[in-house]
Trainee: 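My questions all concern the structure below.
What you see is a predicted model, and the numbers here were worked out from it, not measured in a lab. Proteins come first, then strands; the chains are lettered A, B, ... in the order of their sequence lines, and each starts at number 1.
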2 protein chains.
Amino acid sequence: MDLDAYPHPALAVDCVVFGLETDKSHETCLNVLLIERGLEPFAGAWALPGGFVHIDESLDEAARRELAEEAGLHDVFLEQLYTFGAPERDPRGRVVSVAYYALVRLSDHHVRAATDARQARWFPVSQRPDLAFDHRQIVDLAYQRLQAKVRYQPLGFELLPQKFTLSQLQRMYEHILERPLDKRNFRKKILGMDLLVALDEMQQGVAHRAARLYRFDEQRYNRLVQRGFNFEV
Amino acid sequence: MDLDAYPHPALAVDCVVFGLETDKSHETCLNVLLIERGLEPFAGAWALPGGFVHIDESLDEAARRELAEEAGLHDVFLEQLYTFGAPERDPRGRVVSVAYYALVRLSDHHVRAATDARQARWFPVSQRPDLAFDHRQIVDLAYQRLQAKVRYQPLGFELLPQKFTLSQLQRMYEHILERPLDKRNFRKKILGMDLLVALDEMQQGVAHRAARLYRFDEQRYNRLVQRGFNFEV
DNA sequence: CCAAAAGTGTTCACGGTACACCCATGC
DNA sequence: GCATGGGTGTACCGTGAACACTTTTGG
């Protein structure tokens with residue numbers, strides 16, 4: 001059969017990028033990165049970073065390329081989410097989009113506006129504007145997936161600095177899961193997993209007792225998983 | 001931007017169809033449906049049912065159409081799995097494939113060979129032949145997903161007849177999870193969920209004490225979920 | 001009467017949850 | 001010295017896991 005016997009849909013990738021606003025104040029919240037569209041359709045509207053897949057690159061490569069081009073992001077956690085293919089999802093014609101979600105450390109990555117002067121901005125997930133195409137649906141699904149997966153995979157560390165306090169870790173989970181956790185139980189459970197390494201280093205410049213810093217030990221995690229360990233928050 | 005400025009990859013769907021061989025004997029096992037390819041590439045090899053997405057149908061529609069065309073299957077449980085897009089996965093050129101997995105009741109569905117004389121056959125998941133393209137990878141991922149999801153979603157009922165015994169239900173889980181379950185604990189847990197309706201009907205034609213038949217009550221399940229209930233085996 | 005599977009309760013160990021006070025630091 | 005978050009232990013309860021015998025039916 002000839003591959004070109006029928007017309008092919010266009011193929012795109014779109015990325016839902018999550019980040020924790022870790023400003024110096026104690027207020028943090030889960031944000032999503034949006035791009036202001038410069039071109040029709042939906043010119044001037046907010047949308048997910050993304051674009052068409054090149055004929056010689058894999059889907060993952062396309063997603064990473066778009067994140068680099070449109071937001072200056074490199075080396076982030078990235079995972080495929082779902083493929084959206086309703087025939088009328090793009091007014092220009094048939095476009096199927098493979099959606100990804102990404103987690104970034106805002107401490108490491110400064111988001112650059114895209115090269116072509118459209119702006120890139122963070123919005124709290126709960127206060128995002130109307131989005132172009134079916135991107136609202138995509139963000140909703142990505143957030144659901146994040147909420148589910150953060151509980152049984154150590155994804156959350158991708159959102160924090162390499163060195164973090166237990167309170168930062170706890171607040172991260174509280175923001176994603178949208179419910180409070182008990183401080184003593186949380187610490188007991190997390191430290192009991194033997195995944196975190198206590199550093200000889202304390203938090204700096206806070207107006208109260210400084211907290212100890214920890215880091216996530218990925219090697220130790222992988223070893224534990226091989227022995228049947230299951231991460232769970 | 002012109003949608004056709006660049007060449008588009010071809011877009012296909014492939015389906016991993018699982019079924020439980022429920023022959024009259026007590027031996028059941030998890031099977032996957034394969035198609036013998038009639039055309040190059042990989043002519044004569046076994047492969048997943050699937051084909052190219054038409055320009056005006058959704059991805060789900062394409063998957064259901066292919067299941068009907070290639071295996072005579074209708075009205076099955078179907079869920080998107082993952083999209084495979086490595087540039088070299090098809091020797092004919094760039095083909096991106098949206099993979100699905102399906103669960104069928106072998107009691108309800110007789111698999112018909114496809115119209116064009118290629119055969120369709122069930123193979124035990126653990127004894128499947130070499131497969132065309134990257135289909136081995138797709139089956140592996142589908143099986144992993146099934147093993148994970150069957151534990152926290154009531155998917156398993158899609159593999160059993162509408163009326164089933166608790167032992168059939170237990171054996172289904174044992175085959176999918178590949179580990180034995182304790183009979184008393186299993187019954188206590190399942191019945192305690194209040195999801196099954198005991199029927200006034202017994203198993204027929206067995207050479208030992210006849211077991212009671214049950215059915216899964218989906219409405220009751222949906223109501224419980226809304227109250228925060230979590231299915232778990 | 002024998003083979004084969006159905007059906008049925010209790011005990012124990014562990015992990016989840018609830019809960020309140022003192023400590024260290026910067027201002 | 002006071003405001004702010006850091007850090008710590010115990011008691012209770014519910015759920016998961018281990019475990020064996022009697023019942024029913026067909027052949």
Trainee: Specify the residues of residues 199-212 of chain B, ordered by number, for which at least one heavy atom lies under 4.0 angstrom from an atom of DNA chain D.
Mentor: Val206(B), Ala207(B), His208(B), Arg209(B)
Trainee: What do you reckon, are the aromatic ring centroids of Phe157(A) and Phe164(A) less than 6.0 Å apart?
Mentor: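 Distance test on ring centres: under 6.0 Å, yes.
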Trainee: Is the side chain of Gln170(B) donor-acceptor paired with the backbone N or O of Leu181(B) at a distance under 3.5 Å, no angle test?
Mentor: yes
Trainee: Can you list the residues that meet the side-chain hydrogen bond (donor to acceptor under 3.5 Å, both in side chains) rule with Arg89(B), with sequence neighbours excluded?
Mentor: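 For Arg89(B) the side-chain hydrogen bond (donor to acceptor under 3.5 Å, both in side chains) partners, ignoring immediate neighbours, are Asp134(B).
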Trainee: Could you give the CG-to-C1' distance, from Asp182(A) to dG15(C), as a whole number of Å?
Mentor: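 Spelled out: CG on Asp182(A) to C1' on dG15(C) is 14 Å.
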Trainee: If only side-chain N and O atoms of Ser167(A) are considered, is one of them under 4.0 Å from the OP1 or OP2 phosphate oxygen of dG6(D)?
Mentor: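 It does, given that an N or O in the side chain of Ser167(A) lies less than 4.0 Å from OP1 or OP2 of dG6(D).
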Trainee: Find the distance Lys183(A):NZ to dT10(D):C1' and express it as a whole number of Å.
Mentor: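 It is 17 Å, rounded to the nearest whole Å.
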Trainee: Check the distance between dG7(D)'s P and Phe186(A)'s CZ and give it to me in whole angstrom.
Mentor: 13 Å
Trainee: Could you write out each protein N or O paired with an N or O of nucleotides 11-16 of chain D at a distance under 3.5 Å?
Mentor:
unit_1: dG16(D); atom_1: OP1; unit_2: Lys189(B); atom_2: NZ; d: 3.4

Trainee: Measure from CZ on Arg184(B) to P on dA18(D) and round the result to the nearest Å.
Mentor: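 It is 12 Å, rounded to the nearest whole Å.
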Trainee: To the nearest Å, give me how far apart CZ (Arg179(A)) and C1' (dT17(C)) are.
Mentor: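 Answer to the nearest Å: 12 Å.
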Trainee: Separation of Ile190(A) atom CD1 from dG15(C) atom C1', in whole Å?
Mentor: 15 Å
Trainee: Rounded to the nearest 0.5 Å, what separates atom CG in Leu160(B) from atom CG in Leu103(B)?
Mentor: 10.5 Å
Trainee: I need the CG-P distance between Asn185(A) and dT8(D), as an integer number of Å.
Mentor: 14 Å
Trainee: Could you tell me whether Glu79(A) and Lys149(A) have a side-chain N and a carboxylate O separated by less than 4.0 Å?
Mentor: yes
Trainee: With respect to Pro124(B), which candidate in Val32(B), Asn31(B), Leu30(B) satisfies the side-chain contact (heavy atoms from CB on, under 4.5 Å) definition?
Mentor: Asn31(B)
Trainee: Compare side-chain N and O positions of Arg187(B) against OP1 and OP2 of dG7(C) and report whether any pair is under 4.0 Å apart.
Mentor: yes
Trainee: Check the pair Asp60(B) / Arg64(B) against salt bridge (charged side-chain N to carboxylate O under 4.0 Å, His left out), numbers first and verdict last.
Mentor: CA-CA 6 Å; Asp60(B) 289 23; Arg64(B) 290 190 187 279; 5.8 Å; no
Trainee: Between Asp75(A) and Arg105(A), is a salt bridge (charged side-chain N to carboxylate O under 4.0 Å, His left out) present by the stated rule, with each step listed?
Mentor: CA-CA 10 Å; Asp75(A) 298 319; Arg105(A) 291 181 231 279; over 6 Å; no
Trainee: Hey, which of Trp122(B), Phe123(B), Phe133(B) is the one that makes ring pair (Phe, Tyr, Trp, His ring centres under 6.0 Å) with Trp46(B)?
Mentor: Phe123(B)
